[in-house]
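First the structure, in the form of structure tokens, and then the observations on it.
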Amino acid sequence: MNISRLLMNNKRFSEAYSILSNELEIHRQNFRYDSLNLSYAYIAICQNDLATAKKYRLLLANMGAQASADDVTRYLEKLKLQ
């Protein structure tokens, strides 16, 4: 996931999307629903679907993964500034 974040920061969204999509099944198999929902939020950002990203941010917060929800919030704020 760290590589995809670096790619997103460099506006290489299609490459980040590819990496994130490939990681989804790994998160499912390992029952890492926090990472799974964070990946879905980042995929939504890569697709410029900010409403869906916000939906996953709320889901992360509700499941107790506040640090991940905060990461999504920071990234959404960063996008608004540019």
Side-chain angles (χ1 to χ4, degrees):
M1 192 166 320
N2 291 335
I3 293 171
S4 59
R5 290 271 322 249
L6 290 171
L7 291 167
M8 290 169 64
N9 287 336
N10 288 304
K11 298 184 183 355
R12 294 167 59 182
F13 294 107
S14 62
E15 292 170 76
Y17 173 85
S18 178
I19 290 170
L20 290 163
S21 296
N22 290 331
E23 293 177 348
L24 293 176
E25 188 57 33
I26 295 168
H27 297 315
R28 273 191 212 99
Q29 290 173 353
N30 292 313
F31 305 103
R32 290 296 313 267
Y33 298 113
D34 55 335
S35 296
L36 181 66
N37 289 315
L38 182 59
S39 291
Y40 279 131
Y42 287 152
I43 285 171
I45 290 170
C46 288
Q47 295 175 323
N48 201 30
D49 184 357
L50 303 183
T52 299
K54 290 176 184 178
K55 178 182 92 170
Y56 281 105
R57 176 187 62 188
L58 180 61
L59 182 59
L60 286 162
N62 288 338
M63 66 187 292
Q66 191 60 49
S68 295
D70 292 343
D71 286 343
V72 174
T73 299
R74 280 190 291 276
Y75 202 84
L76 289 170
E77 289 171 354
K78 180 181 177 182
L79 287 175
K80 290 179 187 177
L81 295 175
Q82 297 177 359

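Computed from a prediction, not measured in an experiment: that's the story for all the values here.
Under the 4.5 Å side-chain heavy-atom criterion for Ile, Leu, Val, Met, Phe, Trp and Tyr, Leu59 and Val72 are members of the same hydrophobic cluster. Note on Leu79 and Tyr40: same hydrophobic cluster, where clusters join Ile, Leu, Val, Met, Phe, Trp and Tyr whose side-chain heavy atoms are under 4.5 Å apart, directly or indirectly. The cluster map of Ile, Leu, Val, Met, Phe, Trp and Tyr, joined by side-chain heavy atoms under 4.5 Å apart, puts Leu20 and Ile26 in different clusters.
Side-chain atoms of Ile43 and Tyr56, non-hydrogen and from C-beta on, never get closer than 4.5 Å to each other. In this structure, the side chains of His27 and Asn37 stay at 4.5 Å or more apart for every pair of heavy atoms.
Around the CG atom of Asn30, the shell of radius 6.0 Å holds more than 12 heavy atoms that belong to other residues, nucleotides or ligands. Counting heavy-atom neighbours within 6.0 Å of Leu58 CG, excluding the residue itself, gives a total above 12. The number of heavy-atom neighbours closer than 6.0 Å to CZ of Arg32, taken from other residues, nucleotides and ligands shown, is 12 or below.
Taking CD of Glu77 as the reference point, atom CG of Asp70 lies at 9.5 Å (rounded to 0.5 Å). Atom CZ of Arg5 is separated from atom OH of Tyr42 by 3.5 Å, given to the nearest 0.5 angstrom. Residue Glu23 holds its CD atom at 5.5 Å from OG of Ser4, rounded to the nearest 0.5 Å. Going from atom OH of Tyr33 over to atom CZ of Arg28 covers 9.0 Å, rounded to the nearest 0.5 Å. To the nearest 0.5 Å, atoms CZ (Arg12) and CD1 (Ile19) are separated by 8.5 Å. Taken to the nearest 0.5 Å, the OG1 atom of Thr73 stands 14.5 Å off from the NZ atom of Lys78.
The two residues Gln66 and Ala61 make their nearest non-hydrogen contact at OE1-CB, 3.7 Å.
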For residues 44-52, run the donor-acceptor check on the side chains, cut-off 3.5 Å, and write out each pair with its distance to 0.1 Å, sequence neighbours left out.
residue, atom, partner, partner atom, Å
Asp49, OD1, Thr52, N, 3.3
Asp49, OD1, Thr52, OG1, 3.1
Asp49, OD2, Thr52, OG1, 2.6

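With sequence neighbours excluded, the residues that form a side-chain contact (heavy atoms from CB on, under 4.5 Å) with Ser68 are Leu38, Leu60, Ala65.
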